[in-house]
Amino acid sequence: MFKPQVYKNRRNRLREKINSGIILILGNSESQMNYPDNTYHFRQDSNFSYFFGLDLPDFAGVLDVDNNKDYIFANDVDIDDIIWMGPQPSVKDLAAKVDVDNTAEFNKLYDFLSDAISKGRKIHFTPPYRGNNKILLEKLLGISPSKIRFYASLELIKAIISLREIKEECEILEIEKACNIGYEMHVAAMKMAKPGVYEREIAGYIEGIALSGGGMLSFPVILTQHGETLHNHYHGNKLLKGNLMLTDAGCETESHYASDNTRTVPVGGIFSQKQKDIYNIVLKANTDVIPMMKPGVKYFDIHMQACRIITQGLQDLGIMKGNIEDSLANGAHAMFMPHGLGHMMGLDVHDMEDLGQIYVGYDEKIRPVDQFGTAYLRLGKELKPGFVLTDEPGCYFIPELIDKWYKEGINKEFINFDKVNEYRDFGGIRIEDDILITETGSKILGKPIPKTVEDIENLMK
Ligand code: GLY
Ligand code: MN
């Protein structure tokens with residue numbers, strides 16, 4: 001947790017951005033796994049973490065915009081809780097850690113909101129994404145769970161994004177901490193990538209590194225010899241010499257700041273020439289766009305530059321053909337890179353995705369594109385100092401997609417399908433770094449994880 005003043009400042013700044021009314025920020029509850037008392041590891045809501053810091057279930061925070069007051073609604077533990085969980089600080093003491101003076105039992109939230117509603121005051125809330133908070137909002141506000149997202153406050157969504165997208169110094173330090181744990185995870189995975197080892201042995205080991213860092217994973221580990229499946233969570237294969245192993249993994253710090261890195265390495269430690277050729281194209285896309293990353297540049301243009309580099313590289317290998325700009329305009333590269341170059345990162349690995357990607361990644365100046373591939377670009381807007389984002393180009397050979405495009409003649413003027421078929425069992429490569437936008441440029445966060453062919457081969461020796 002940060003100092004109490006950090007949370008107070010954030011709440012004051014949020015209040016200034018909202019015209020009037022009440023801001024309701026629900027924390028998360030425990031989430032059941034297979035019976036009521038057997039729960040998943042508790043994960044606090046990130047908006048609640050940002051403004052109210054406390055990492056416990058069944059808390060709600062309220063900012064009264066008109067009367068300049070903050071409240072925490074939560075219950076003190078009783079003797080049964082103490083027997084099972086040990087002694088806990090009182091809600092009053094917890095609230096003091098985030099500089100909140102007003103506390104009340106959770107049930108009082110019903111009266112508080114009923115009173116505000118009866119006076120015609122606006123209740124601002126963010127779109128709920130968990131079932132129990134949808135049901136809770138129904139009880140509190142009388143809006144059906146199936147309609148609740150339409151009643152979320154756009155004014156609040158935009159205000160929160162404008163604060164959370166610019167990382168404070170203390171947040172950048174936390175993200176760097178997460179990246180440094182991520183470094184340990186990735187280096188361990190590289191060292192373990194030997195023929196005969198099961199993917200799950202490595203996935204389990206690096207999850208352990210994340211947990212021993214004090215937090216948890218920032219998303220389920222993707223670790224696979226079938227990197228052509230973008231989010232492959234199956235870990236049951238035995239590693240075979242000659243295959244590539246793609247690891248996309250990151251952790252959260254204790255206070256929930258994320259890291260997210262991807263590396264692709266040859267099982268056994270030596271790249272074949274064919275693997276090197278594709279790897280170096282993806283590496284060029286990853287590194288050559290970094291100098292473009294600075295305030296004022298649209299991330300959309302950086303994404304397109306990465307796609308241009310991939311297209312050029314694949315043309316040099318005879319896999320693609322034709323005029324590069326026409327090829328890009330037609331989205332031919334998306335057969336090989338059917339995803340966006342990156343996304344915002346912070347308290348969530350895809351930061352603030354609960355608030356709506358269209359507001360997080362786009363604005364009035366730049367709107368999302370619905371072309372296959374670029375439609376998955378989560379960030380398009382102009383960069384500002386303090387943004388933290390990922391840079392994660394990839395190149396994949398997805399047999400089903402190759403066959404579909406071939407059969408339907410999609411982009412046949414830009415793709416040499418005969419040549420592509422020589423790569424059908426290639427798999428996929430992705431390389432991902434976490435980047436801070438500074439006043440003048442950008443900086444890769446965390447200890448550098450080996451990423452050139454030479455550095456990877458040396459580490460794996
Ligand atoms: N690391 C997973 C993702 O960015 O979607
Ligand atoms: Mn990512």
Side-chain angles (χ1 to χ4, degrees), residues 43 46 129 165 167 175-176 178-179 181-186 189 199 202-203 206-207 209-210 215-224 226-235 244-253 256-265 282-283 285-287 289-290 293 299-300 302-303 306-307 310 334 337-357 360-361 368 373-380 383 387-396 398 427-437 442 444-446 449 451:
R43 175 55 158 84
S46 298
Y129 52 91
E165 70 181 3
K167 269 60 184 181
I175 296 172
E176 285 221 87
C179 291
I181 300 166
Y183 168 90
E184 301 296 339
M185 293 164 72
H186 279 277
E199 293 162 340
I202 310 178
I206 67 172
E207 179 162 351
I209 296 176
M216 54 192 250
L217 292 171
S218 50
F219 57 95
V221 168
I222 297 162
L223 186 145
T224 178
H226 284 286
E228 74 279 10
T229 300
L230 301 184
H231 279 182
N232 197 337
H233 292 128
Y234 178 72
H235 299 146
L244 290 167
M245 182 183 88
L246 183 153
T247 306
D248 183 349
C251 69
E252 284 190 356
T253 57
H256 297 306
Y257 285 87
S259 68
D260 180 11
N261 289 101
T262 308
R263 291 293 184 265
T264 310
V265 302
V282 180
L283 183 63
N286 165 278
T287 51
V289 296
I290 293 178
M293 295 193 181
Y299 195 76
F300 183 87
I302 303 175
H303 164 83
C307 297
I310 301 268
M337 182 172 140
H339 62 71
L341 181 65
H343 50 84
M344 295 276 214
M345 195 184 78
L347 273 169
D348 309 297
V349 64
H350 289 178
D351 211 21
M352 302 175 275
E353 208 155 278
D354 60 310
L355 300 178
Q357 209 53 64
V360 179
T374 304
Y376 292 115
L377 179 62
R378 293 184 161 94
L379 174 62
L383 304 179
F387 278 18
V388 172
L389 45 88
T390 67
D391 168 19
E392 51 179 307
C395 183
Y396 315 87
I398 306 168
I429 292 175
R430 180 161 66 250
I431 304 172
E432 178 176 23
D433 291 318
D434 300 332
I435 312 269
L436 167 71
I437 305 302
S442 61
I444 298 181
L445 292 174
I449 305 168
K451 73 175 173 181

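Just follow the structure's listing: the first ligand is 1, and inside any ligand the first atom is 1. All heavy atoms count here, side chains included; hydrogens, waters and symmetry mates do not. One-based numbering along the sequence shown.
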Query raised in the report: Is ligand 1 less than 4.0 angstrom away from at least one heavy atom of H339?
Result: no
Query - Minimum-distance protein heavy atom relative to atom 5 (O) of ligand 1 - result: H350 NE2, 2.8 Å
Query - Within-cut-off N or O pair, R378 and ligand 1, under 3.5 Å - result: no
Query raised in the report: Closer than 2.8 Å to the Mn ion (ligand 2), how many protein N/O/S atoms do you count?
Result: 4
Report task. Check ligand 1 against H231 and write out every atom of the ligand that is under 4.0 Å from a heavy-atom position of the residue. Result -> 2 (C), 3 (C), 5 (O)
Report summary line: Ranking V349, D248, T390, T262 by closest non-hydrogen atom to atom 2 (C) of ligand 1, top hit is D248
Query raised in the report: Where the side chain of S218 meets the backbone of S259, is there a donor-acceptor pair that is under 3.5 Å apart?
Result: yes
**Report entry** Enumerated ligand 1 atoms positioned under 4.0 Å from heavy atoms of E392
**Finding:** 4 (O)
Report summary line: Within 4.0 Å of some non-hydrogen atom of H343, the atoms of ligand 1 are 4 (O)
**Report entry** Sidechain-backbone polar pair: R430 side chain, G227 backbone, donor-acceptor under 3.5 Å
**Finding:** no
Requested in this report: Would you confirm whether H235, through its side chain, and I202, through its main-chain N or O, come within 3.5 Å as a donor-acceptor pair?
Outcome: no
Query raised in the report: Are H231 and F219 close enough that their ring centers fall under 6.0 Å?
Result: no
**Report entry** Under 3.5 Å: donor-acceptor pair, side chain of T390, backbone of H343
**Finding:** yes
Report task. Identify which one of N232, T262, N261 satisfies the side-chain hydrogen bond (donor to acceptor under 3.5 Å, both in side chains) criterion when paired with D248. Result -> T262
Report task. Indicate yes or no for a side-chain donor-acceptor contact from D391 to the backbone of D433 under 3.5 Å, with no hydrogens or angles considered. Result -> no
Query raised in the report: Do any N or O atoms from the side chain of E252 and from the backbone of M216 form a donor-acceptor pair under 3.5 angstrom?
Result: no
Query raised in the report: So, H303 side chain and L341 main chain: donor-acceptor pair closer than 3.5 Å or not?
Result: yes
